Amino acid sequence: MKPFNYTRAATPGQAVKSIAGKPEGRFLAGGTNLLDLMKEHVETATDIIDLTRLDLAEIKETDDGGLRLGALAKNSDTANHKSIRENYPLLSRAILAGATFQIRNMATNGGNPLQRTRCQYFYDTATPCNKRAPGSGCGAMEGLNRNHAIFGWSDKCIATHPSDMAVALAALEAVVQVQGPDGERSIPFADFHRLPGDKPEQDTNLKPGELIVAIDLPPAKFQKHYYYLKVRDRASYAFALVSVAVAIELDGDTIKDIRIAMGGVAHKPWRAAKAEEILKGKAATVENFEKAADAEMADAKPLEHNQYKVPLGRNGIVRALRKAANLA
Amino acid sequence: MRRVDGLAKVTGQAKYAYEFELPNVAYGYLRTSDIAKGKISKLDVSEAEKAPGVLKVISHLNLPEMLKLKDRGEEPDGAEFAPFRDAKIVFSGQPVALVVADTFEQARHASHLVEVSYDKDDSKTDITKMLDQAKPTKENKDRGDFDKAFGDAEIKIEEEYQIPMEHHNPIELHGSTAFWKDGKLTIFDKTQNVYQLRDRLADMFGVAKDKVEVIALFVGGAFGSCLNVHFHSTLAALAAREVNRPVRLCYTRRQNFTGSGYRPETWQKFAASADKDGKLTAMSHRVVINRSSYEDYSEDFVQVSRLIYNCPNVRTTYENVVTDLQTPTPMRAPGAVSQMFALECGLDELSYAVGIDPLELRLVNYAEKDPETGKPFSSKALRECYKLGADRFGWKDRKPEPRSMKDGDLLVGWGVATGVWPAMQQKAGVHLVLKSDGTAHVTSATTDIGPGTYTTMTIIAAEYLGLEADHVRFELGDSSYPKAPAQGGSWTTASVGSAIVGASMAIKGKLLDLAKKQDKSPFADSKPDDLVLAEGHLRSKSDEKQSIPISKLMEDAGLKEIGETHESEVSPERKKYATMAHGAQFVEVKVDPDLGIVTVTRVIEVTACGKIMNPKTSHSQEIGGVVWGIGMALEEKSAVDHRYGRIMNASLAEYHVPVHADIHHIETLFVEEDDKIVNPLGVKGMGELGLVGIPAAIANAVYHATGIRVRELPITPDKLVAPRKA
Amino acid sequence: MQDPSQDPQTPDLSDDESALLADLARGGIHRRDFLKLVSGTGAGVFGMQLLAEQRAYADASSLTGAATAADPFTNGISIDLTVNGAAKSLKVDTRATLLDTLRERLALTGTKKGCDHGQCGACTVIVDGKRVLSCLTLAAQVDGTEVTTVEGLATEKGLHPMQDAFIEHDGFQCGYCTPGQLCSAVCLLDEAKRGEASFVTPDLSDPPTDLSDDEIRERMSGNICRCAAYPQILAAVKDVHSGHKTARTWGFANEVELALIRKELAHETI
C-alpha cells in the first residue's frame with residue numbers, strides 16, 4: 001500500500017473538491033473492496049478522501065413515492081430498513097445474499113455497486129489484465145474462466161460484476177444520484193455500469209471525480225412476487241456463479257410487469273430483456289417461464305470453462321420465476 | 001474434560017508465533033516471483049532501500065555466503081527449497097526479496113518498490129499431460145497375478161479419478177518472530193516440529209544446537225503445513241541477525257499458498273473385478289502425484305488398496321511427475337484420503353456392477369488378517385463400526401437405484417465408505433516432576449496444533465500419577481524440553497502419552513524405593529506392578545488400605561520433588577501385528593438437480609481407534625475430519641493456470657473451505673477397542689482417520705442421488721448441471 | 001506454588017498467573033473476578049507460562065540495533081478511541097488498519113490476522129456495537145469510536161457466557177479463529193434481539209428473534225474455522241441464545257449395543 005494523503009470530507013461538495021484533479025484519488029467509505037485492492041497493489045491511490053463522516057446515511061421517501069437510499073447507509077441497515085423489507089423485499093434479499101454480517105455492517109450503498117470484479121487475473125498483478133493494466137491482455141480469455149461472463153463480453157475483457165445488491169437494483173430500475181465537479185446528475189441504473197468493450201478499465205459511466213450521494217428506488221410495485229436466487233460454490237460467503245433477481249407484477253395469473261436481472265454472467269448486472277419481453281402479458285406458467293429462459297440463454301456466448309452457466313442460468317431463471325409466482 | 005487452554009483461547013491470551021511482545025521489533029515483508037521458471041535477470045532494490053523506515057533488503061544479491069553453502073547441498077533431489085540461494089526461479093511465488101523496515105506498513109510498501117525482471121522459461125505444471133513421464137517412488141511387488149485374474153473376470157470396472165492440488169489454509173498465517181541475543185537465536189514459530197526447526201537453524205547459521213531455541217506454545221492450525229521447515233522461519237531468523245533487532249515476518253494469505261506446501265495433485269486409475277457374490281478377485285491401483293523440480297516427494301508410505309480388503313491379486317504403483325511448483329507437504333491424511341477416494345468410489349462402482357449393496361460388498365471382502373502380511377490385527381472393530389453406523393443411519397431403507405430417493409424436488413443420496421489410518425508411534429521424551437505438595441509438572445517438546453494435546457497429556461499424567469487434573473501442569477512447544485516427534489501422523493498421544501506413562505512408572509518405582517526404606521513398610525516385598533499411584537498415595541492394588549501418602553514419603557526422605565526424564569520406545573511386540581485404526585462413514589446428501597447444489601445433510605461417522613482419552617476433544621477431531629471431507633469433496637481446489645504455472649485462486653475468497661452454513665448434522669461415535677499391544681495406553685490416532693473415507697462417501701452419495709458419477713473433485717455445481725460426457 | 005486444597009477465593013498466585021491477571025486487567029478484569037473466572041473453567045489455571053516467558057524474552061532481547069526513527073509513521077495521523085473501555089490516543093500511519101493497530105501498537109493480539117483481506121472473519125471486532133472486520137478498516141476511520149475486542153468481552157462478573165459456552169462445547173481447536181467467532185457470536189445475540197434478518201430468514205416482514213439452527217449457521221458464516229468446530233460453535237451459540245442446554249451429537253457405542261451387534265454378526269472381533 002502506497003503512502004497516500006488522507007483527508008476527511010465533511011460535505012459531499014468538499015469531497016468532490018478534494019478529489020478534483022487527482023486521477024489516482026479514491027473515495028473511501030466501507031473500505032471492504034478498496035483496502036483489499038490497495039493491499040494487493042491493484043489500487044494504488046495517492047489520495048484517500050474518507051467519506052465516513054458525510055451525512056449521507058439516511059433512507060427516506062422521495063416526492064414521487066419512491067425511496068432514497070443514502071450512499072453511506074450501511075448495507076445491513078438498508079436490508080433491515082422497515083420500508084425496504086416491506087416494499088422492496090427483493091433488494092433486502094439480494095443484499096443479504098452478499099458477503100457476511102460483518103462486511104454488510106461496513107459496506108455502503110454507494111460503495112456496493114462500485115465493487116470491482118473478482119476476476120482472479122484482475123486481482124493478481126503477476127498476470128495480464130486489461131482492466132487493471134490496459135493493453136496488457138486478458139489472462140482469463142484463454143485461462144481459467146469458469147467464473148466469467150457469458151453475455152456482453154469483449155475480446156478485451158470477460159470479467160463479471162460481483163455485486164448481488166446491484167442485480168436487484170437493476171431489476172428495480174433504481175436511479176443513481178451523483179454529485180460531481182459539474183454539479184448533480186441522475187444515472188438510470190441500466191446506464192450506470194458498462195460493458196467492457198474497448199475500455200474494460202472503466203466499470204461504470206461515472207465521470208472522474210463524481211460521487212454517488214444516493215440511490216433512488218421508484219415507487220414500489222413488486223412487494224408480493226419476487227425472488228433472489230443465488231448459486232455459489234458454498235452455502236454462504238461466496239460470490240455468485242449465477243444469480244437471478246425476479247420481480248413480477250401479476251394480474252390474476254397474467255404477468256402485468258416483470259423484471260429479470262442476472263448476476264455472475266456479465267460485466268454488469270444483466271437485464272434479461274428478451275425473457276421479460278416474452279413474458280409480458282402472458283400467463284405465469286412454468287411452460288412460459290421455460291420458453292423465456294431458453295430464449296434468453298440462446299444468446300449466451302460461453303467460454304471454455306463456463307459452459308455450465310448456460311444450463312445453470314436457464315434453470316436459475318425458471319426457478320426464480322416459479323418461486324416468485326408461487327409455482328415452486 | 002474441558003480444554004485446559006480453553007481460558008487462554010477464549011480470552012485472547014493465547015499467544016501465537018507472530019504475537020510475542022518484544023521491544024523494538026522490525027517487520028519483514030516478502031516480495032515473491034511472478035513467474036514459475038527461469039531466472040531473475042535484474043533485481044533493483046535501490047528505491048526500496050531509500051523508502052522511509054527500510055532497514056535492509058535481503059535477496060540473492062546479498063545473502064550471506066555461509067548460508068548459501070550451509071543450507072543445502074548440490075544434489076538434484078532431496079534438497080529443500082532455500083530462498084535467495086541464487087537467481088534461479090523454480091516456482092511461482094518464490095521469494096525474490098525480503099524487505100525489513102520499522103513498521104509493517106513501510107515494509108509492505110517498500111516490497112513493491114523492488115524492481116524485478118526475469119528471463120522466463122516455459123513451465124510445466126499439468127500432470128495429466130505428463131503421465132508418461134511419471135516415475136515410481138517405490139517398488140511394489142504384485143500380490144498374486146493381477147493380469148490373469150482381471151483378464152478372466154466378467155464383472156469389473158476400470159476408471160480414472162482426479163483430485164486437484166489443495167491447500168491446508170490454517171487460519172493463522174505462517175509466521176515467526178525471531179531475535180538474537182548474545183549469539184543465541186530465539187524464534188517463536190508456527191511449527192509442528194520444534195526440534196527439526198532448531199536443528200535446521202543451528203546448521204544454517206553455524207551455531208550449536210543449544211544456541212537456538214524454538215518456541216511454539218500455540219499453533220493456529222497446521223494440518224501438516226508446519227511439518228517442514230518453511231522460509232518464513234529461516235528468513236525471520238536471518239533478518240533478525242542482519243538488522244540486529246527482533247523481526248516479525250509472516251506471509252500474506254496469497255504467499256501462504258506458495259510458502260508452506262500443499263496436497264499434491266493426484267491422478268489415479270483404479271481397476272477391480274469381483275465374482276458374482278461380490279468377492280474381489282483382482283485390484284489394481286495406479287497413483288500419480290506431482291512433485292517439485294528440486295526435491296523429491298511421495299505419499300507412498302500408505303497404500304490403502306493393499307491394506308483393507310481381502311483380495312488375492314493386487315497391483316499397486318505409486319509414481320510422481322516433476323512440475324514447476326513448490327514441493328508438496330503432507331496435508332491431513334496424506335496419501336490415504338486421496339487413494340481412498342479412488343478405492344472407495346471404485347468399489348461403489350463395482351457394487352453396482354455386481355448388483356449388491358455397497359456396504360455388503362465391503363463386508364464380503366472384510367479382512368480378518370492384514371491381507372498384505374498375514375499378520376493379525378492388534379485390534380480391528382471395523383465390522384462393529386459398519387453395523388452400528390448402518391443401524392444408526394437406517395441404511396437398510398436405502399433403495400439401490402440412483403435417483404430413486406427424493407425429498408420434494410431434491411434428490412436424496414446415501415453413500416458409504418471405509419476409513420483407515422495406520423496406528424503409529426514414535427520415540428518421544430518427557431520430563432516429569434512430582435512435587436511433595438501433590439502437584440506435577442510435565443514437559444515435552446511436542447506441539448498442540450489444535451487436537452488438545454495440552455489437555456490429553458494433562459489427563460494422562462493425572463491418571464498415571466493418581467492426581468486431579470488441575471494439579472498437573474503440562475507444557476509443550478519449546479525446544480528446551482525433552483525431544484518429541486513432530487505433531488503429525490496422528491501419533492502424538494500414542495508417542496508422548498506413552499512417555500508420560502513410562503515416566504510415571506519410573507516415579508512410582510522411585511516412590512516404592514522410598515517406601516521400602518520406611519519402618520515396617522507395608523511394601524517391603526512389593527513390586528512396582530503390585531502398586532498404583534492414586535489420590536496422592538502409593539497404594540496396593542489388592543488392598544486399598546495399604547497406602548502411604550506420597551507427600552509423607554517425600555518429606556521423610558527430605559525431598560521436595562522427584563524428577564524423571566523418560567523416552568518412550570515402540571514395543572517389539574507390536575511388530576508381530578498389524579496396527580490400524582478403522583472407521584465407517586455414512587453420508588446423506590440432498591441435491592438440487594437443476595442448480596447442481598449438493599448439501600451434506602447427515603453424516604454418521606463411527607470410528608474404532610483404541611481407547612478414547614478425552615471424549616470432548618476426540619469428537620472435535622472427528623467432526624473436524626468430516627468437515628474436511630466435505631470441503632475436499634465439494635469445494636476445495638487450488639486452481640493452477642498451467643500457462644503461468646501459477647495458483648490463481650490464492651485467497652480464502654476464491655479457495656473455498658466450508659463455512660458454518662455448509663455444515664449440518666454430524667454424528668460421531670466411537671467403538672472403543674481394548675488394545676494392549678498397540679501401546680501402553682491402548683490409543684490409536686484419530687486426527688486423520690475422520691477424514692479418510694468422507695470424500696468417497698460423499699461422491700458415492702451424489703451418484704446415488706443423481707446417477708452422475710463425478711470422478712474429479714471437487715463436486716461443484718457445474719459438474720452436475722453440465723456433466724462431462726462419459 | 002499454592003496449596004491446591006486452599007479456598008479458591010484466596011490462593012497465592014504464581015508469577016505467571018499474576019502476569020495473566022495483569023494482562024486481563026487491560027480488558028477490565030479485577031483480581032477477585034479473575035479468581036472466580038479461574039475456578040469456573042474446570043481445570044484450574046492452565047500453565048500460563050507463555051506470559052511469563054514472553055516477559056522474560058522481552059527483557060532479554062537486544063535493543064542495540066538501528067535506532068527507531070523518531071517518527072516512523074508515514075503521513076501519521078493522531079486518533080483518539082476507546083478500546084475495551086479504556087481511552088487510547090495515539091499516532092498511526094494513515095495506512096495502518098485497525099487490526100494492525102490493535103495488534104502491533106496496543107498489544108491486543110487477541111484480534112487475529114487470518115487473511116488481511118476480509119475473507120475469513122478472524123479479525124472481527126465490535127465497533128460502536130456492530131461487528132466489523134478490523135483488517136479492512138483503517139485506524140484513521142475509527143477515530144472517536146468505541147472498539148471492543150475479545151479481550152474486552154469478560155467483565156467483573158467473569159467470562160461472557162459465550163466464552164464459557166465455547167469452552168463447554170469445545171467450540172474451537174487451535175483457537176486462532178476463536179476471538180473473531182466470539183465477537184461475531186456476541187453481536188449475533190443483539191442482532192437477533194433487534195430483529196435483523198439474514199439470507200435464510202423465511203419471512204422478511206417478521207424476522208425471528210428466536211433463531212433456528214440454520215439462522216445461526218448463516219449468521220456465523222462470516223467466520224471461518226478451519227479446524228471445523230462448527231457444530232460445537234453452533235451448540236455454544238444456541239445455548240447462550242436460547243438459555244437452554246444443547247444436546248450433543250456425539251457419543252460412544254454402549255456395551256449393550258455392541259454386545260448385540262457382535263451377537264448378530266456372530267463374530268467376536270477384538
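In this text the structure is predicted, and so the values were computed from the model without any measurement. Convention: sequence-line order gives letters A, B, ...; per-chain numbering from 1.
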Go through the atoms of [X] and report whether side chain, backbone, both or neither lie under 4.5 Å from a heavy atom of chain B.
| X | answer |
| --- | --- |
| A/Leu312 | both |
| A/Asn147 | side chain |
| A/Arg234 | both |
| A/Phe239 | side chain |

Which bit of [X] comes within less than 4.5 Å of chain A, counting heavy atoms only: side chain, backbone, both or neither?
| X | answer |
| --- | --- |
| B/Leu652 | backbone |
| B/Ile597 | side chain |
| B/Val598 | neither |

Using a strict cut-off of less than 4.0 Å between a Lys/Arg side-chain nitrogen and an Asp/Glu carboxylate oxygen, indicate whether [X] and [Y] qualify as a salt bridge.
| X | Y | result |
| --- | --- | --- |
| A/Lys131 | A/Asp203 | yes |
| A/Asp233 | A/Arg146 | yes |
| A/Asp36 | A/Arg118 | yes |
| B/Arg108 | B/Glu105 | no |

Q. Does the pair A/Met106 and A/Asn75 meet the rule for a side chain to side chain contact (heavy atoms under 4.5 Å, CB included), with working shown?
A. CA-CA 7 Å; A/Met106 305 166 72; A/Asn75 277 182; over 6 Å; no

(Q) If the contact rule is any heavy atom under 4.5 Å from chain A, which residues of residues 27-35 of chain B qualify, in numerical order? (A)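 B/Asp34 fall under the 4.5 Å cut-off.
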
Q. Looking at A/Leu229, A/Thr127, A/Leu241, which has the largest count of heavy-atom pairs under 4.5 Å with chain B?
A.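 With the most close heavy-atom pairs to chain B, the winner is A/Thr127.
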
Q) Do you know which of A/Val318, A/Val231, A/Val310, A/Val242 has the most heavy-atom pairs with chain B at a distance under 4.5 angstrom? A)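 Heavy-atom pair counts peak at A/Val231.
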
Q: State which residue, out of B/Val626, B/Val627, B/Ile623, fulfils the side-chain contact (heavy atoms from CB on, under 4.5 Å) condition with B/Ile663.
A: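 Checked B/Val626, B/Val627, B/Ile623 against B/Ile663; only one passes side-chain contact (heavy atoms from CB on, under 4.5 Å): B/Val627.
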
State whether the side chain of [X] and the backbone N or O of [Y] hold a donor-acceptor pair below 3.5 Å, judged by distance alone.
| X | Y | value |
| --- | --- | --- |
| A/Arg132 | A/Asp124 | yes |
| A/Asn306 | A/Pro302 | no |
| A/Tyr121 | A/Leu144 | yes |

Q) Between B/Leu113, B/Asp409, B/Asp592, which residue shows the highest count of heavy-atom pairs closer than 4.5 Å to chain A? A)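 Greatest number of close heavy-atom pairs with chain A: B/Asp592.
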
Q. Highest number of heavy-atom pairs under 4.5 Å with chain A: which of B/Glu635, B/His642, B/Arg254, B/Lys719?
A.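 Answer, by heavy-atom pair count under 4.5 Å with chain A: B/Arg254.
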
Q. Cut-off 3.5 Å, side chains only: do A/Thr125 and A/Glu40 have a donor facing an acceptor?
A.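 No - no donor-acceptor pair under 3.5 Å links their side chains.
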
Q | Non-hydrogen side-chain atoms of B/His112 and A/Lys2 separated by less than 4.5 Å | A |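 No, side chains not in contact.
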
